[in-house]
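This report refers to the structure that appears directly beneath it.
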Protein chains: 2
Amino acid sequence: MLNNREAGGAELDAIFQALADPTRRAILIRLCEGPASVSELAKPFAMSLPAIVQHLQVLEHSGMVRTEKIGRVRSCSIEPAAVRLAEDWLGRRRTGLERRLDRLEAFLKKP
Amino acid sequence: MLNNREAGGAELDAIFQALADPTRRAILIRLCEGPASVSELAKPFAMSLPAIVQHLQVLEHSGMVRTEKIGRVRSCSIEPAAVRLAEDWLGRRRTGLERRLDRLEAFLKKP
DNA sequence: ACGATTGTTAAGCATATACTTAAGTATTCT
DNA sequence: AGAATACTTAAGTATATGCTTAACAATCGT
């Protein structure tokens, strides 16, 4: 049987899982502008603060967000390396596909 | 409040959700090699056939896989456009981040 | 010290996910 | 026709997810 290492491992599980929710994607978009506190992040949403904290935990567990508590405020920032992990996985699929389509094209063009 | 259009919409929900499972990612990897039937796809896994069919339904709902039944066999193939949708979303985050880091760098280098 | 701010913890709930087994349907082969 | 193949459908189950409210810390400004 295939294990999940071949498909990219538990790290990608957590990353794509985190990306699968629109609230979490919106949080990531916001964090691309720069670090923010929990309540700053929560402000745009019609959702309780604990709900946002839970989303942040999912994002942190995925490695795409890092948080640090200073005094009473927790500062959240994005971790580009983890984001790139997901992008790279998709990129590898695409290049695999392109290779295959090139071979197909070459085959069809044979004299 | 932010709606999920700003975060990319329900289409991305389904795509990232589909990507969040290692079995489904392994199926996608296999489909990059070319189309396959349901039981061909199922063979590498220690899982019942209905379980694989359910994974395929998730993938199909995400738009990343297209299936067509011919006779008694259902042929599954990958849909590169949907895969690219996810990659592009991540790419936009990265370029946003890079722009920001460039601005930061420029600021730090000011005389 | 006191009150406001900022976040945390816990419990509960409704729905969704990832499977299973058992029984069915449609095709193809002989 | 009858048996084998390739799914399909249905029903059940265990765990995970996305929220909620209520009550509890910790820290900061005055």
Inset, instruction - Could you note down all residue pairs passing salt bridge (Lys or Arg N to Asp or Glu O under 4.0 Å) where residues 31-58 of chain B supplies at least one of them, sequence neighbours left out? - result: B:R30-B:E40

Legend entry - First of B:V73 and A:K69 reached from the 5' end of DNA chain D, by closest nucleotide: B:V73

If I take atom [atom1] in residue [X] and atom [atom2] in nucleotide [N], what distance separates them, rounded to the nearest angstrom?
X	N	atom1	atom2	value
B:E68	D:dA6	CD	P	18 Å
A:R24	D:dT17	CZ	C1'	8 Å
A:L19	D:dT17	CG	C1'	16 Å
B:Q57	C:dA16	CD	C1'	15 Å
A:I52	C:dT9	CD1	P	17 Å
A:D13	C:dA18	CG	C1'	13 Å

Legend entry - Donor-acceptor contact present, side-chain A:R24 to main-chain A:Q17, <3.5 Å: yes

Legend entry - Whether A:R93 side chain and B:P80 backbone form a donor-acceptor pair below 3.5 Å: no

Inset, instruction - Identify, between A:Q17 and A:S75, the residue whose nearest nucleotide on DNA chain C lies closer to the 5' end. - result: A:S75

Rounded to the nearest 0.5 Å, how far apart are [atom1] of [X] and [atom2] of [Y]?
X	Y	atom1	atom2	result
A:L56	A:H61	CG	NE2	14.5 Å
A:L59	A:D21	CG	CG	8.5 Å
A:I15	A:L85	CD1	CG	4.5 Å

Legend entry - Salt-bridge criterion met for B:R84 and A:E98 (N-O under 4.0 Å): yes

Inset, instruction - May I ask you to decide if the ring planes of A:F16 and A:W89 are parallel, tilted or perpendicular, using 30° and 60° as cut-offs? - result: perpendicular

Between the protein and nucleotides 27-30 of chain D, list every N/O to N/O distance that falls short of 3.5 Å.
residue, atom, partner, partner atom, Å
D:dT27, O2, A:R72, NH1, 3.2

Inset, instruction - Please check if B:L28 and B:V58 belong to a single hydrophobic cluster, counting links between Ile, Leu, Val, Met, Phe, Trp and Tyr side chain heavy atoms closer than 4.5 Å. - result: no

Inset, instruction - For the helix from C:dA1-D:dT30 to C:dT30-D:dA1, figure out the bend between the end axes, five pairs an end, and round to 10 degrees. - result: 30°

Legend entry - nucleotides 19-24 of chain C: protein proximity per nucleotide (B base, S sugar-phosphate only, - neither; heavy atom, under 4.0 Å): BBBB--

Inset, instruction - Report the C-alpha separation of A:D13 and B:R25 in whole Å, then their side-chain angles, then the decisive distance to 0.1 Å, and conclude whether the side chain to side chain contact (heavy atoms under 4.5 Å, CB included) test is met. - result: CA-CA 9 Å; A:D13 284 24; B:R25 286 198 305 277; 2.6 Å; yes

Inset, instruction - Residues of residues 33-41 of chain A with any non-hydrogen atom less than 4.0 angstrom from an atom of DNA chain D: list those, numerically ordered, please. - result: none

For a quick test of your reading: what N or O donor-acceptor pairs under 3.5 Å do the side chains of residues 68-78 of chain A make, sequence neighbours left out?
residue, atom, partner, partner atom, Å
A:R74, NH1, A:T67, OG1, 2.7
A:S77, OG, A:R66, NH2, 3.4

Inset, instruction - Identify the two heavy atoms, one from B:L49 and one from B:S39, that lie closest to each other, and give their separation to 0.1 Å. - result: CD1-CA, 4.3 Å

Inset, instruction - Report the C-alpha separation of A:L19 and B:L90 in whole Å, then their side-chain angles, then the decisive distance to 0.1 Å, and conclude whether the side chain to side chain contact (heavy atoms under 4.5 Å, CB included) test is met. - result: CA-CA 10 Å; A:L19 289 168; B:L90 291 166; 3.8 Å; yes

